[in-house]
Amino acid sequence: MIDLQHISKSYGTGEGAYEALRDVSFRVEDGEFVAIMGPSGSGKSTLMHIIGALDTPTSGTYTLDGKDVSTLSDDELADIRREHIGFVFQSFNLLPRTTVLRNVMLPLVYEGVEGKERNARARKALLSVGLDETHFTHLSNQLSGGQIQRVAIARALVNDPTLILADEPTGNLDTKTGEIVLETFQRLNRDEGRTIIIITHEQEVAEHADRIVYIRDGKIAEVERTHKQ
Ligand SMILES: Nc1ncnc2c1ncn2[C@@H]1O[C@H](COP(=O)(O)OP(=O)(O)O)[C@@H](O)[C@H]1O
Ligand SMILES: [Mg+2]
């Protein structure tokens, strides 16, 4: 469970300091699907970085599964990410001249998982997002946008995270491809019980979540429960 209490985040110091998050409090239950919306510069990515243990807040407390994450060292944050969290970014962040399989295996290389198991887990993750086996040995820059995003999701899944964070995962995709990617997230949430938080600009995408959290000027402006069936 995610519990943010009075979280603020400032960038810079003194005159030039900018408060990107201002006294944000909210909770996400295990197995929830939450969408975050808000204008550009409102603090969405900053919030996601804190939830994802990529950064710590300037003040306030963040508790993840009962553990106070806001005071951890960089090494401890890295452990939290490795054990609990999968990230999907809009810019995909795949290595271009590297095969699909290798891209998905990479997080496990850093984790020290041995070759055979690495391979098996990467294949399983790729199949679970519906990528055809014929693409596994292709270089990631030989794929379509939708295929690349599926590889990015597979890579986020390879450490079997309970929490998946996605920053505009459908932002660069056409409508049809975006729907397929969204269906993948829905399945990971509904069938596998994973907690999902996505940032999106598209109301249609957000309607697939249980709740929509609207951020404005670094604050939660509104929380809306959707009518998802
Ligand atoms: N590393 C940083 N250093 C300084 N300012 C930053 C940094 N990251 C974000 N900001 C500022 O914080 C505000 C919120 O940014 P961000 O969370 O990326 O917004 P969003 O994702 O909603 O577009 C913006 O004004 C942005 O310029
Ligand atoms: Mg952003």
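Side chains included, hydrogens not; waters and symmetry mates left out as well; all remaining heavy atoms used. We count ligands from 1, going down the list as the structure has it; atoms in each ligand are counted the same way.
Thr46 OG1, 2.6 Å is the protein heavy atom nearest to atom 17 (O) of ligand 1. Looking at atom 23 (O) of ligand 1, its nearest protein heavy atom turns out to be Gly41 N, 2.7 Å. Residue, atom and distance of the protein heavy atom nearest to atom 22 (O) of ligand 1 are Lys44 NZ, 2.8 Å. Among protein heavy atoms, the minimum distance from atom 4 (C) of ligand 1 is reached at Tyr11 CB, 3.3 Å. Looking from atom 18 (O) of ligand 1 to the surrounding protein, the closest heavy atom is Ser45 CB, 3.6 Å.
At a threshold of 2.8 Å, the Mg ion (ligand 2) has no backbone or side-chain N, O or S atom of Ser40 nearer than that distance.
Judged by the shortest distance from any of its heavy atoms, Gly43 lies inside the 4.0 Å radius around the atoms of ligand 1. Not a single heavy atom of Gly12 sits closer than 4.0 Å to an atom of ligand 1.
The two residues Ile7 and Gly60 make their nearest non-hydrogen contact at CD1-C, 3.9 Å.
Among Ile2, Asp65, Leu163, the single residue meeting the side chain to side chain contact (heavy atoms under 4.5 Å, CB included) criterion with Asp30 is Asp65. A side chain to side chain contact (heavy atoms under 4.5 Å, CB included) with Arg118 holds for exactly one of Leu101, Val104, Leu108; it is Leu108. Looking at Glu32, Glu29, Glu224 one by one, the single match for salt bridge (Lys or Arg N to Asp or Glu O under 4.0 Å) with Arg211 turns out to be Glu32. Each of Asn189, Thr162, Asp160 was scored for a side chain to side chain donor-acceptor pair (under 3.5 Å) with Arg194, with one residue passing: Asp160.
Under the 4.0 angstrom criterion, atom 26 (C) of ligand 1 counts as lacking any protein heavy-atom contact.
Linking ILVMFWY residues whenever their side-chain heavy atoms come closer than 4.5 Å, directly or via other members, places Tyr62 and Leu47 in the same cluster.
A salt bridge is absent between Glu111 and Arg82: the closest approach of a Lys/Arg side-chain nitrogen to an acidic carboxylate oxygen does not fall below 4.0 angstrom.
Looking at Asn159, its side chain never comes within 3.5 Å of a backbone N or O of Glu83 through a donor-acceptor pair.
Checking only distances, Ala20 never comes within under 3.5 Å of ligand 1, N or O to N or O.
Close contacts of ligand 1 with Pro39, meaning ligand atoms under 4.0 Å from a residue heavy atom, involve 22 (O). Interface of Ser40 with ligand 1, defined as ligand atoms under 4.0 Å from a residue heavy atom, comprises 23 (O).
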